Amino acid sequence: MKIYALVDCNNFYASCERVFNPKLEGKPIVVLSNNDGCAIARSQEAKALGIEMGAPLFQIQSIVQCHQVRVLSSNFALYGDLSARVMATLAQFTPEIEIYSIYSIDEAFLDLSGLTQLVDYARQIRTTVKQWTGIPVSIGIAPTKTLAKVANRIAKRRVDANGVFDLTDKTLQEEVLAQTAVEDIWGIGRKSGRRLRTHCISNALQLRHANEQWIQTQLGVMGLRTVLELRGISCLSLQSCPAAKHARTVSRSFSRPVESLAELKAAVATYTSRAAEKLRCDRLSAKALTVFLMTDRFHQDEPQHFDSTYVELPVATSDTAELIGYTSQAIAAIYREGYRYKKTGVTLTHLVAANLFQACLFETTDRERSRKLMQVIDRINQQLGAGTIAFAATGLRQSWGRKEMRSPRYTTCWQELPVVKA
DNA sequence: TCTGGGGTCCTAGGACCC
DNA sequence: TCTGGGGTCCTAGGACCC
């Protein structure tokens, strides 16, 4: 029998902040989204105060003040680095590990098949991760990934579980699934949850016993897969070597409305640069791209405009200058005067391995020269900090975002290393 | 006044081909 | 006036995840 363990970091972003700032221990913390807009992570104490995931900061201001909630801007450089350390630690315990999956920032599946003393082993993993990285994790153990997710929830909630819960026992599965709300199952979202409830399926045990044909007509093959997984039949295998990405998006909301094409162009050029960097980092090239722009949907009293445009490129590329040329034209094509824009973004799609592209018969650009130039730019920005060298099209002021309460990038920036005083 | 960003997979339906 | 059938590929949109 297969045995999966799901290792999930507790309140990951909040825990990361605590690693370098122990004064935050035991205090309610929220970490904010881009522009300091919404709460995207909360410590246990903040959750207990009733702060919901995604709550706009201005709506929770009274709770924040009343309970002295520590409010922090997001610091993804720090979280990404600590995530990598957690994953590296987990990899010490088994070669069968799924990292870099789309859920990778704070969780990883491990294949523990064939091991005995599962709970002891999991405790050892938990202790080691905490000791080596400072991040507390919870571990759920079960014969399928979906059940391991359920087990992980219990590991987090039950005080007596002490961070580890083993759900391999069939009788225990029945008991636990009966207490799990149907929308708390991995893969069942709000929509499906509501639909299931109208058919009197409100917990995971009822879903487990639902009719297969009926589920497939209602929820499609994904839903059916979930039901089988709940029954202990593994449908989702461990992807130890996940497929390459299909798309790379960079988009941001503005901290204030933007009306001029010039500003939008500068923003789009900035996002294009970032997306192209990601592409080169993954050694990929894009054969197509989409650019979109939108007004503020929360301001329905103002005129609304959303548009996007798709562009196929003659030759796959990851050259920033070339891509900015295309995205700049694209944004101009969908821009309409007289709107207050809130957000714009760039998606690079149809990604192919950079060394395997189909050249164009009438090619005029010198690909080798462009590749070398990009390499130099990437190296300079890596060594001297992001944005040290940039394309003029990205503009001189890059002040769309707001991050007023960001903690230092303790582990990824020389100037911001923590200092230990004797 | 202030409301995130970046992904995946599946399905339906259109375009196109023979 | 009559106007096939089956297959593939692609995209948009929905649902979901963290």
Side-chain angles (χ1 to χ4, degrees), chain A residues 6 8-13 30-42 51-62 64 71 73-74 76 79-80 83 99-109 145-146 149 152 182-196 216-226 235-236 239 242-257 271 274-275 278 282 287-288 290 292 294-302 306-310 312 340 342-351 400-404:
Chain A
L6 174 65
D8 194 306
C9 301
N10 300 348
N11 314 315
F12 184 54
Y13 297 168
V30 300
V31 176
L32 301 175
S33 64
N34 185 42
N35 289 327
D36 295 340
C38 305
I40 53 167
R42 305 99 77 215
I51 297 174
E52 297 287 332
M53 175 66 173
L57 179 59
F58 73 92
Q59 282 177 8
I60 54 172
Q61 212 51 268
S62 62
V64 166
V71 178
S73 304
S74 46
F76 287 109
Y79 312 150
S83 168
I99 34 178
Y100 309 125
S101 78
I102 58 165
Y103 316 110
S104 71
I105 185 92
D106 75 336
E107 64 181 56
F109 283 104
K145 284 183 167 181
T146 305
K149 277 273 189 184
N152 192 285
V182 74
E183 45 281 289
D184 290 334
I185 302 165
W186 194 40
I188 304 295
R190 248 210 323 251
K191 264 280 182 32
S192 307
R194 218 178 302 147
R195 179 178 290 186
L196 289 168
Q216 180 152 10
T217 56
Q218 294 294 311
L219 307 181
V221 295
M222 297 287 271
L224 181 58
R225 220 174 271 174
T226 299
C235 304
L236 304 165
Q239 309 281 312
K245 286 216 161 50
H246 297 147
R248 277 300 204 170
T249 303
V250 177
S251 69
R252 294 283 182 280
S253 297
F254 301 120
S255 52
R256 55 176 171 79
Y271 307 157
R274 182 71 199 107
K278 289 182 179 179
D282 295 343
K287 288 186 80 169
T290 300
F292 74 88
M294 61 200 289
T295 46
D296 192 338
R297 67 196 160 96
F298 290 105
H299 287 188
Q300 286 297 326
D301 51 321
E302 292 182 7
F306 170 89
D307 204 355
S308 71
T309 180
Y310 172 80
E312 265 185 61
R340 289 155 61 82
K342 180 63 180 172
K343 182 175 179 177
T344 179
V346 174
T347 304
L348 304 179
T349 52
H350 292 197
L351 305 185
W400 301 292
R402 190 172 53 210
K403 287 210 169 185
E404 286 168 355

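Treat the numbers as computed from the prediction; the structure is a model and nothing was measured. Below, chain A is the first sequence line, B the second, and so on; all start at residue 1.
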Side-chain N or O of Arg248(A) closer than 4.0 Å to phosphate OP1/OP2 of dG7(B): yes
Phosphate-side-chain proximity, Lys343(A) and dG5(B), N/O vs OP1/OP2 below 4.0 Å: yes
Nucleotide of dC16(C), dC18(C), dG7(B) approaching Lys278(A) most closely (side-chain heavy atoms): dG7(B)
Sugar-phosphate, base or nothing in reach of Ala247(A), heavy atoms under 4.0 Å: sugar-phosphate
Options dT11(C), dT8(B), dG5(B), nucleotide nearest the side-chain atoms of Tyr310(A): dT11(C)
Closest to the Glu107(A) side chain, choosing from dC18(C), dT3(B), dA15(C): dC18(C)
Asp106(A) side chain, from C-beta outward: closest of dT3(B), dG5(B), dC18(C): dC18(C)
Closest listed nucleotide, where the reference is the side chain of Cys38(A) and the choices are dG4(B), dC10(B), dA15(C): dG4(B)
Closest non-hydrogen atom pair between Arg225(A) and Cys235(A), with its separation: CG-CB, 3.4 Å
Side-chain N or O of Arg225(A) closer than 4.0 Å to phosphate OP1/OP2 of dC10(B): yes
Rounded interatomic separation in angstrom, taking CD1 from Ile40(A) and C1' from dC2(B): 16 Å
His246(A) side-chain N/O to dC9(B) phosphate OP1/OP2 under 4.0 Å: yes
Selection from dT8(B), dT3(B), dA15(C) that lies nearest to any side-chain heavy atom of Lys245(A): dT8(B)
Contact under 4.0 Å: Thr249(A) side-chain N or O vs dG5(B) OP1/OP2: no
Under 4.0 angstrom between Thr347(A) side-chain N/O and dG6(B) OP1 or OP2: no
